[in-house]
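Worksheet for the structure shown next.
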Amino acid sequence: MGSSSSSYAPKTIYLDVDGKVQRVIFSRHCSPCDIKELLCSSSNIARNTAILLIDSEGALVSIDPSMPANDSNINDFVFLSKEKEDMFQNVLSQVAEQFSRAFRINELKTEVTNRLTMLEKRVELEGLKVVEIEKCKNDLKKLRDEMTSRGGVRMNCNCKYNFSDDGKKLSPRRDVPSYPKYTLSQETIETLKKPTFDVWHWEHNEMLSCLEYMYHDLGLVKEFNMNPITLKRWLLAIQENYRDNPFHNFRHCFCVSQMMYGMIHLCNLQERLTMTDMCILMTAAVCHDLDHPGYNNTYQINARTELAVRYNDISPLENHHCAVAFQILSMPECNIFANVEPDSFKQIRQAIITLILATDMARHGEILDSFKQKVDSFDFTNEEHVKCLKMVLIKCCDISNEVRPTEVAEPWVDCLLEEYFMQSDREKTEGLPVAPFMDRDKVTKPTAQIGFIKFVLIPMFENVMKLFPQIEEIMVQPLRDSRDHYEELKQIDDAMSEVTRPCM
């Protein structure tokens with residue numbers, strides 16, 4: 001290439017001839033067209049052939065017959081042979097292809113960026129939808145509460161377990177590591193077998209340990225090959241699926257289960273019934289009020305709640321307790337009957353259901369009459385007789401608070417009345433019938449208890465006493481004393497009312 005770029009310098013061309021570079025110098029007055037003409041003449045190149053030149057700046061110059069010549073800044077040139085021209089075109093093609101790929105990558109980046117932007121917008125919109133849905137739910141709840149307060153609609157009595165959530169399980173919220181192990185003293189172990197046991201002195205974890213001990217002590221864990229850890233998880237799940245109602249709560253569950261455990265020992269049932277019967281009695285007692293909503297069957301039916309509709313007004317609460325119990329047992333981590341043969345489990349399941357359904361007080365007269373017919377000639381080898389006895393036993397335990405000492409029993413009356421008053425207040429608001437014994441304006445503690453003890457508790461326990469005379473002193477006599485106690489209170493209330501009554 002030339003070393004000068006002055007417009008007065010001569011023009012130099014380097015020719016590649018058979019691999020040898022030859023230098024040709026032209027006058028500075030020669031134009032590119034003149035140079036091309038000379039080159040074509042001397043090299044026998046056709047006049048219409050394009051000739052590529054490279055100027056001293058490194059830029060490409062094409063001298064073409066159909067194009068006007070460009071004289072500016074052309075000092076030194078290299079003439080490219082046909083082979084060199086093809087190679088140069090090939091290089092240009094590769095460069096163009098690389099540029100094309102680069103552009104495609106940029107297009108792809110642009111497309112990905114656009115898609116990400118769209119997705120971000122969708123996520124943002126979906127998030128807004130969730131917020132709006134929650135807001136609508138809250139607004140609906142407020143509206144429904146307001147309508148209820150005005151007596152405009154009747155609300156369903158919802159339960160923790162919603163049957164519309166298919167497959168939803170009632171797992172315990174905490175696991176065994178947070179369930180401390182309590183060592184029961186010998187005094188506690190002995191007291192646990194008696195109706196005088198004070199259930200108010202125990203925390204939930206302590207009650208769980210007591211229930212666990214009962215299953216071990218009765219030999220149920222060994223007999224049914226229960227995994228001890230599974231037993232703990234099952235009890236946790238049971239406890240967490242009792243609501244914090246004034247009366248129908250986990251402490252009531254423990255009361256009923258402890259009374260059942262006490263009656264098993266007091267009546268020597270281990271010598272007369274099978275281990276399967278023991279397991280059925282204890283498990284039914286533990287599960288008998290699971291997820292109780294605090295409003296009885298009368299309310300469920302009159303208010304046409306979801307439970308009443310589901311169970312066709314037939315013991316809706318008791319059916320629900322059974323369903324929740326076996327939903328818990330259906331979880332492998334809570335299935336204490338996992339090692340029981342399918343046929344045996346089927347029998348256990350049916351027996352537990354029978355006992356829980358028997359706790360519906362609407363069936364009290366029917367069940368007690370059936371037992372009365374059998375008790376004088378009771379046969380422990382007769383399955384129907386044993387089945388009826390188990391139904392009566394769970395009924396006794398379910399309503400046995402008045403068997404306990406007054407200081408233990410009386411707080412339960414307050415709890416029950418509180419739950420009754422909550423229901424009757426709601427019934428008044430919703431325009432539903434109100435039972436007199438639940439109406440805070442009509443009932444008192446003595447009037448609530450006297451009739452129940454005289455006409456329900458004492459007749460049932462006296463019939464059980466025919467089969468197990470040993471319960472008279474420990475269970476039946478306390479009922480009679482309780483009846484007398486409330487009759488005295490009623491006399492005092494009546495006298496006070498007489499004194500405070502205005503003179504006419």
Side-chain angles (χ1 to χ4, degrees), residues 137-162 242-249 251-252 288-321 359-365 398-399 401-402 409-457 486 489-490 493-494 496-497 500-502:
K137 285 182 178 179
N138 291 334
D139 290 344
L140 282 172
K141 185 178 183 301
K142 289 179 182 177
L143 180 61
R144 293 177 70 187
D145 290 344
E146 183 180 349
M147 292 176 69
T148 303
S149 66
R150 296 177 181 178
V153 293
R154 296 174 182 175
M155 300 292 290
N156 280 345
C157 192
N158 296 321
C159 299
K160 276 186 180 180
Y161 183 77
N162 186 351
Y242 272 92
R243 299 197 193 189
D244 295 328
N245 297 316
F247 184 90
H248 292 99
N249 49 41
R251 193 175 298 277
H252 168 67
H288 83 284
D289 268 336
L290 272 169
D291 196 37
H292 195 297
Y295 299 89
N296 68 14
N297 281 331
T298 301
Y299 173 83
Q300 304 295 326
I301 294 167
N302 289 339
R304 299 189 295 276
T305 65
E306 180 184 350
L307 290 180
V309 172
R310 177 175 294 276
Y311 296 112
N312 303 308
D313 296 349
I314 302 172
S315 303
L317 288 181
E318 289 72 24
N319 274 294
H320 180 61
H321 305 326
T359 61
D360 183 357
M361 287 303 294
R363 298 182 58 200
H364 176 78
D398 188 25
I399 55 178
N401 285 328
E402 292 302 328
E410 197 157 349
W412 280 116
V413 181
D414 296 324
C415 293
L416 184 61
L417 288 176
E418 181 183 349
E419 198 167 291
Y420 280 174
F421 295 158
M422 285 172 56
Q423 176 173 322
S424 62
D425 290 345
R426 186 168 182 171
E427 287 169 332
K428 291 174 183 177
T429 299
E430 297 179 5
L432 298 174
V434 178
F437 69 88
M438 300 179 77
D439 191 336
R440 68 172 70 245
D441 298 326
K442 297 179 181 179
V443 71
T444 63
K445 191 184 294 186
T447 57
Q449 290 302 98
I450 292 171
F452 186 69
I453 295 170
K454 285 176 67 174
F455 303 113
V456 176
L457 289 176
Y486 282 112
L489 287 180
K490 185 177 183 303
D493 286 347
D494 290 345
M496 292 296 294
S497 298
T500 57
R501 184 180 300 171

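Quick note: residue numbers are just sequence positions, from 1. All heavy atoms count here, side chains included; hydrogens, waters and symmetry mates do not. These numbers were taken from a predicted model, which means no experiment stands behind them.
Contact between Pro246 and Cys415 at its shortest, heavy atoms only, is O-CB, 3.2 Å. Across every non-hydrogen atom of Tyr486 and Pro446, the tightest pair is O-CB, 3.6 Å. Of all heavy-atom pairs spanning His252 and Phe247, the tightest one is CB-O, 3.3 Å. Minimum heavy-atom separation, Gly294 to Asn245: N-ND2, 3.6 Å. Minimum heavy-atom separation, Val443 to Pro436: CB-O, 4.0 Å.
Every pair passing salt bridge (Lys or Arg N to Asp or Glu O under 4.0 Å) that includes a residue from residues 448-457 is listed here, sequence neighbours excluded: Lys454-Glu487.
Atom CG of Leu432 is separated from atom CD of Gln423 by 9.0 Å, given to the nearest 0.5 angstrom. Arg440 contributes atom CZ, which lies 9.0 Å from atom CD of Glu418 (distance to the nearest 0.5 angstrom). Interatomic distance, OH of Tyr420 versus CD of Glu427, reported as 11.5 Å (0.5 Å rounding). Here the straight-line distance linking atom OG1 of Thr305 with atom CG of Asp313 works out to 8.5 Å at 0.5 Å rounding. Between atom CD1 of residue Ile314 and atom CG of residue Asp360 there is a gap of 10.5 Å, rounded to the nearest 0.5 Å. Between the CG atom of Asp414 and the NZ atom of Lys445 there is a distance of 3.5 Å, given to the nearest 0.5 Å.
Under the side-chain hydrogen bond (donor to acceptor under 3.5 Å, both in side chains) criterion, Thr298 pairs with no residue, sequence neighbours left out.
Contact check for Tyr242 versus Leu290: side-chain heavy atoms found under the 4.5 Å cut-off. No side-chain heavy atom of Tyr299 sits under 4.5 Å from any side-chain heavy atom of Met438. Side-chain contact between Pro293 and Arg243: present, with at least one pair of heavy atoms (C-beta onward) separated by less than 4.5 Å. Counting heavy atoms from C-beta on, the side chains of Phe452 and Ile399 come closer than 4.5 Å.
Atom NZ of Lys490 sits in a sparse spot, with 12 or fewer heavy atoms from other residues, nucleotides or ligands closer than 6.0 Å.
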Give the C-alpha distance, both sets of side-chain angles, the deciding distance and a yes or no for ring-ring contact (aromatic ring centres under 6.0 Å, His included) between His321 and His292. CA-CA 7 Å; His321 305 326; His292 195 297; 5.6 Å; yes
Determine whether Glu402 and Val413 satisfy the following criterion, side-chain contact (heavy atoms from CB on, under 4.5 Å), listing intermediate values before the conclusion. CA-CA 9 Å; Glu402 292 302 328; Val413 181; 3.3 Å; yes
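For His248 and His288, the ring centers sit 6.0 Å or farther from each other.
Looking only at atom types and distance, the side chain of Asn297 has a donor-acceptor partner in the side chain of Glu318 under 3.5 Å away.
With respect to Val434, the side-chain contact (heavy atoms from CB on, under 4.5 Å) criterion is satisfied by exactly one of Asp425, Asp441, Asn302, Asp439: Asp439.
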